[in-house]
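Only a predicted model underlies this, so the values are computations on that prediction, with no experimental measurement involved. Order of appearance sets the numbers: ligands from 1, and atoms from 1 within every ligand.
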Amino acid sequence: MLKELPLVIDPHVHFRVPGGEHKEDWITASRAALAGGVGLVFDMPNTSPSTDSQERLTEKKQLIDKQIAESGYPLQYKLYFGATADNCEEIKKLQPTEVAGVKLFMGSSTGDLLVDKDEDIAKVFQAAKEADLVVAIHAEDEEMIKEAAGRFKDENKFSVHSQVRNKEAAAKAVERAINLSREVGNRLYICHVSSKLELDLIREAKKEGLPVYAEVCTHHLFFTTADYERLKGKVRMNPPVRDQEDIDALWQGISDGIVDTLGTDHAPHTLEEKNQNVWNTPSGVPGIETLLPLMLNSVNQGKVSLEKLADLMHNNVVKIFGLEPPSGKTIVDMDLAKEVRDEDLQTKCGWSPYAGMKLKGWPVKVELDGKEYNCE
Ligand code: DOR
Ligand code: ZN
Ligand code: ZN
């Protein structure tokens, strides 16, 4: 049966332009977005160089517009502006419609963006508040990660990644960010909430009436530390996969309304890069082509409703980020069953951690600007 969703938005992607074009570019990424039924994306600033000045923002938009035109699919996009310890004056000058929001890395990940001191984080929060922008945070406590990395340095199993970047480090960063944003009064969007610990803190903040929002990424809903054995570097990402009790809490958070949005954190790396040892493998997994099939399959399994998906993938994003509601829709076939296969993917990296999974429920068409595009 065909069903209609409002245009599916992925508020968290890393499309790698500029500087990482061997992993992805906006020609391949736009086609991957279409294959996944996604019509609007928010792209992250941890490119090379980072998107952390007005000049780089403008340059990046020019590159992207050219590549989208070449892709044959008019993917809609917004860019995040990267926070540093000393670009607050630039943040204050941003227009609310010019960017999706400000992105702040409290713990270092791919790229060199990092703002880990409370004093600097508060300054960024204040600047974003003045510009009426949401701050999206990568919440992992840098000091705790470094300390744990030292403790586990002789370990070489992939599962060590979840011990180094542990739940406590994520929860600590979430707690610090909530406390600082309570003082400053800015809107706070917590990216890729991965654990029950983080979710409990966010639930409390919401109860208090704070404008704190939670995003969950698909890999944290479908993988646990048990998957390292089979998938190794292919399930290494930041924050890492957790335990079954965390997955259960995230699904519960979806039904309770504590989780506001779903994102992919689509972060492609080449297979060659991912086939290194645990310490050298870069963190990140592709996901934009599997977001919707995974969630539609979950609708078919009775885990979530289609109405809920419309909220998580469109309505809540529009509200939190203050968007003009994008026109367009995503049409899905709830009965179409297909296996995820690496050779069918459009992403330049050419692999998926979900390869081999049979999913029922796939996007078939996206309507954008009054035109229809087939998801293939
Ligand atoms: O796993 C991740 N990959 N987490 C991040 O924070 C960055 C991303 C990337 O850009 O590779
Ligand atoms: Zn992140
Ligand atoms: Zn990310």
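To the nearest 0.5 angstrom, L250 atom CG is 10.5 Å from E245 atom CD.
For atom 3 (N) of ligand 1, the nearest non-hydrogen atom of the protein is S283 O, 3.1 Å. Among protein heavy atoms, atom 9 (C) of ligand 1 sits closest to T110 OG1, 3.2 Å.
One finds a salt bridge joining D118 and R176 here, because a Lys/Arg side-chain nitrogen approaches an Asp/Glu carboxylate oxygen to under 4.0 Å.
Side-chain contact check for R242 and S194: at least one donor-acceptor pair (N or O, by modelled atom type) lies under 3.5 Å. Looking at S109 and N238, their side chains do bring a donor and an acceptor atom within 3.5 Å of each other.
Contact check for Y77 versus V13: no side-chain heavy atoms found under the 4.5 Å cut-off.
Geometrically, ligand 1 and G284 share a nitrogen or oxygen pair separated by less than 3.5 Å. For a threshold of 3.5 Å applied to N or O pairs, the pair formed by H192 and ligand 1 contains no separation below that value.
In H14, the part holding a heavy atom less than 4.0 Å from any atom of ligand 1 is the side chain. Contacts of S109 with ligand 1, taken as heavy-atom pairs under 4.0 Å, involve the side chain alone. Within the 4.0 Å heavy-atom criterion, the part of R16 lying near ligand 1 is the side chain and not the backbone. Counting heavy atoms closer than 4.0 Å to ligand 1, residue M44 contributes nothing at all.
Sorted by first then second residue, the side chain to side chain donor-acceptor pair (under 3.5 Å) pairs that include residues 315-332, not counting sequence neighbours, are D311-N315.
Residue E289 comes nearest to D344 through the heavy atom pair OE1-O, 4.3 Å, listed as atom of the first residue, atom of the second, then distance.
Partners of E59 by side chain to side chain donor-acceptor pair (under 3.5 Å), not counting sequence neighbours: none found.
Of all atoms in ligand 1, listed by their number and element, those nearer than 4.0 Å to a heavy atom of A267 are 3 (N), 8 (C), 9 (C), 11 (O). The atoms of ligand 1 that sit less than 4.0 Å from any heavy atom of H269 are 11 (O).
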Side-chain donor-acceptor contacts of residues 365-376 below 3.5 Å, not counting sequence neighbours, with atom names and distances?
unit_1: K365; atom_1: NZ; unit_2: E372; atom_2: OE1; d: 3.4

Exercise. Is there a side-chain contact (heavy atoms from CB on, under 4.5 Å) between N87 and F81 once you walk through the steps?
Worked result: CA-CA 10 Å; N87 69 355; F81 191 85; 3.5 Å; yes

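Protein atoms that are N, O or S and lie under 2.8 Å from the Zn ion (ligand 2) are these: H138 ND1, H192 NE2.
Proximity of the aromatic rings of H138 and H192 is defined here by a centroid distance below 6.0 angstrom, and this criterion is met.
Of the options N46, N238, V285, the smallest heavy-atom separation from atom 4 (N) of ligand 1 is shown by N238.
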